[in-house]
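Everything on this sheet refers to the single structure shown next.
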Amino acid sequence: MTAITPHTGLRVRLRRLAAAVIAASVCAVAVPAVAAAADQKSDDDTRTVELHVSAGLRGVVAPGTSTSAVVTITNGTETELSAGRVEIELGSTPLTTSDAVSDWLDDGETTGSFISLGDEASKAADPDGIATTTVFVPQETIETLAPGVYPLRAALTGARTGDTGGERAATWDTTATSVLVVNAPSASPVGVLVPVTATPAGGALLTAEELTTLTAPEGALTAQLDGVSGTTAVLAIDPAILASIRALGTAAPESAREWLTRLDELPNPRFALQFGDADVTVQAQTGLSALLSPLPFAALLDPAAFPQQQATAEPTSAPGSTPSPSPGSTNAPALPDDATLTEVDGALPRIVWPEQDLTQADVTAFAGYLGQGTTTVVSSDTVGGPTAAHATAGGQDLLVTDAATSAALSGAAGASDPVVRQRLLAEAAAQLFLAQGATGGAPLLVGLDRDETRTADALRDAISAADSVGFELSTVRAAAPVAVTLPEAAAAPRSADLVNLLTDEQSLTAFSSILSEPDVLLAPERMRILRTIAVGSSDAAFAEKVAAHRARTTTTLSSVSIPPSSTIQLLTANADLPIAVRNDLPWPVTVRLSASPSDPRLEVKPMIETVVQPQSSTRVKVPVSARVGSGELDLRLSLSSPTGVPIQSEQSVRVAVRAEWETIGLVVFGGLAVLLIALGVVRTVRRKRREAIEEHAVEVAVDELIEEKEAEAAAQERALDRDAPPTKETP
């Protein structure tokens with residue numbers, strides 16, 4: 001049974017674009033020969049045994065020197081891989097073209113015979129482990145080889161898995177391909193262009209949290225600086241990263257400010273990409289009169305995060321008087337301007353690095369955007385093949401990157417596995433050797449693909465495999481350019497999408513009139529458009545980004561609205577109808593609510609202006625007056641900005657008028673009031689009468705009690721007089 005490692009099989013650039021995705025499998029062709037009783041792999045078909053081979057320093061050896069070949073066995077199965085035999089062979093016929101290198105590495109196809117470099121016993125490999133075997137290649141073997149790119153292959157035989165744990169045994173006969181470059185001394189300088197980019201989740205500026213992560217010791221932006229440090233790489237920097245840090249002022253993370261300082265201190269030459277790494281090609285093919293640029297940042301800055309400006313004092317004419325501040329001077333914060341926020345310190349001017357599906361007309365348009373002396377970075381595929389780094393086409397200045405070397409080196413820079421990386425570095429060395437031969441030793445450029453996930457080690461290895469000590473971009477640009485030809489016409493599939501994005505932006509511009517400061521909405525929107533058309537997206541990824549952006553715009557345009565309402569009951573001739581207005585934006589909005597009835601028998605105040613707080617709903621009271629006693633009609637409602645821009649299209653709310661219930665209610669309530677008053681009067685009269693009777697009875701009882709007490713007192717007095725002794729009369 002033969003199981004071949006997956007590979008795209010596409011030539012050069014397309015094959016390298018997939019390299020990072022299939023990095024775990026591109027380096028070997030695994031062909032397990034299954035034992036008689038075992039005709040399957042493990043339960044997981046992705047588990048296999050892979051072989052990797054490399055020789056020399058990143059695939060390069062000097063003529064007449066000895067070297068070593070290293071075979072790495074990766075055991076991806078769940079059981080131990082037993083020891084086997086490893087044989088390494090080198091082709092005797094060099095590979096002379098880029099396609100020949102690709103055919104050999106992709107399919108193992110080449111011409112000519114092979115010589116054996118050595119045969120060694122391999123080591124056993126643990127489950128999910130690796131084992132390496134080193135084979136010494138003597139000087140005598142290398143000195144017989146002329147400078148060139150030679151096919152290298154290794155074969156593993158006799159290694160078995162599944163001998164323990166009850167699994168069925170399998171014997172793995174596995175091969176791997178690579179190349180060995182016998183390099184002739186060359187004075188051809190080589191430079192590497194490295195993009196420095198970072199994409200925020202929200203699509204506008206990087207947040208403080210994102211910057212904290214990206215500039216941490218293990219962060220992606222830190223890895224990019226670590227990777228280029230100590231090299232002569234030319235940095236292509238997205239100014240949006242710098243603007244994100246500077247726009248936070250004192251609120252920027254300390255690690256981000258340190259990263260920015262470290263970037264400024266690097267000696268590497270640099271130039272600025274367009275903000276958000278936007279592609280200038282699609283803008284030129286859309287026919288824009290000027291390149292898109294960010295809108296003013298002022299609305300996005302927090303004044304509290306910037307130091308205060310001290311008021312300036314003007315001396316008075318009176319001697320000894322105290323200077324007073326000039327009229328109107330305040331302690332306002334010193335906010336940076338847009339140029340300060342986006343400045344790339346030491347950047348070379350007027351260099352653009354667009355997508356490569358461009359034409360002569362596009363390059364001419366770039367000069368119209370940026371001025372004469374504009375330099376465009378193009379791929380050698382665009383100009384028809386390998387050429388010197390400095391070129392000219394139609395009178396326009398070009399820097400040409402070698403396509404095959406760039407693709408291989410980009411794959412190596414994105415390979416986190418060192419074993420996989422070695423094979424890609426060897427391929428890059430082979431492509432670079434062939435490019436140097438094709439250009440006669442002229443300076444060469446290599447351009448890495450956009451990739452924000454590279455590790456520092458992988459990036460450094462990739463740059464070091466190509467860049468020359470002391471490389472100077474200024475020297476390359478000063479060299480006499482070679483004449484090349486650019487395509488005269490090309491399809492512009494993305495221009496229609498950009499037109500749609502800009503049309504949506506115009507709708508948002510009108511919509512933003514409900515905000516007191518429209519740029520809080522429009523500035524991030526422009527940044528998102530620039531990032532949507534950024535360089536490096538495949539057609540499928542670009543379509544997804546456009547669809548996501550347009551969906552976001554639709555959501556924003558519908559974020560201020562009148563929610564659907566059920567029928568409103570109007571039970572009186574005059575009332576205030578409560579109409580809800582919803583605001584899902586994070587800022588307060590000012591809107592005008594317009595109302596008109598479908599029937600003239602209902603009078604409505606035609607327009608009411610109101611402020612709706614962020615992410616909330618407000619009920620607007622609409623005064624109405626009914627001229628009918630009963631009936632149903634529609635109330636047409638719409639929202640507009642204070643400047644008259646429609647915010648929500650007209651919608652209807654059903655109003656049920658029941659004005660006669662007001663009269664009926666008054667009669668009922670009036671009758672009830674009269675009845676309650678009458679009942680109150682009757683109860684009061686009856687209570688008064690009852691109280692009078694009770695008072696008379698009390699008075700009678702008191703009189704009787706008084707008479708009784710007086711009678712008792714009189715009787716007691718008579719009794720006392722009767723019992724008293726007679727007294728002697730005085731003569």
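Nothing here was measured: the structure is a model prediction, and the numbers come from that model. Heavy atoms only: backbone and side chains are in, while hydrogens, waters and symmetry mates are out.
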Does Thr199 form a side-chain hydrogen bond (donor to acceptor under 3.5 Å, both in side chains) with Glu452? I'd like the steps, not just the answer.
CA-CA 8 Å; Thr199 303; Glu452 299 172 5; 2.9 Å; yes

Of all heavy-atom pairs linking Ala426 and Ser178, the shortest is CB-OG, 3.8 Å

ring-ring contact (aromatic ring centres under 6.0 Å, His included) partners for Phe114, two or more places apart
Trp104

Contacts of Arg528 that satisfy salt bridge (Lys or Arg N to Asp or Glu O under 4.0 Å) - sequence neighbours left out
none

Residue set satisfying salt bridge (Lys or Arg N to Asp or Glu O under 4.0 Å) with Asp362, at least two apart, ordered chain then number -> none

Do [X] and [Y] have side chains that approach each other closer than 4.5 Å (heavy atoms only, starting at C-beta)?
X: Thr376; Y: Leu399; answer: no
X: Asp107; Y: Thr177; answer: no
X: Val383; Y: Gln356; answer: no
X: Leu291; Y: Gln274; answer: yes

Assess whether side-chain hydrogen bond (donor to acceptor under 3.5 Å, both in side chains) is satisfied between Asp99 and Thr97, documenting all intermediate values.
CA-CA 5 Å; Asp99 286 344; Thr97 66; 5.6 Å; no

Could you tabulate the donor-acceptor pairs under 3.5 Å formed by side-chain atoms of residues 479-497, not counting sequence neighbours?
residue	atom	partner	partner atom	Å
Arg494	NH2	Ser537	O	2.7
Arg494	NH2	Asp539	OD1	3.1
Ser495	OG	Ala492	O	2.9

Chi angles and distances behind the side-chain contact (heavy atoms from CB on, under 4.5 Å) call for Val71, Leu51:
CA-CA 7 Å; Val71 176; Leu51 196 65; 3.4 Å; yes

What salt bridge (Lys or Arg N to Asp or Glu O under 4.0 Å) pairs are there with at least one residue in residues 462-475, not counting sequence neighbours?
none

Applying salt bridge (Lys or Arg N to Asp or Glu O under 4.0 Å), which residue pairs with at least one partner in residues 232-243 are found, sequence neighbours left out?
Asp238-Arg531

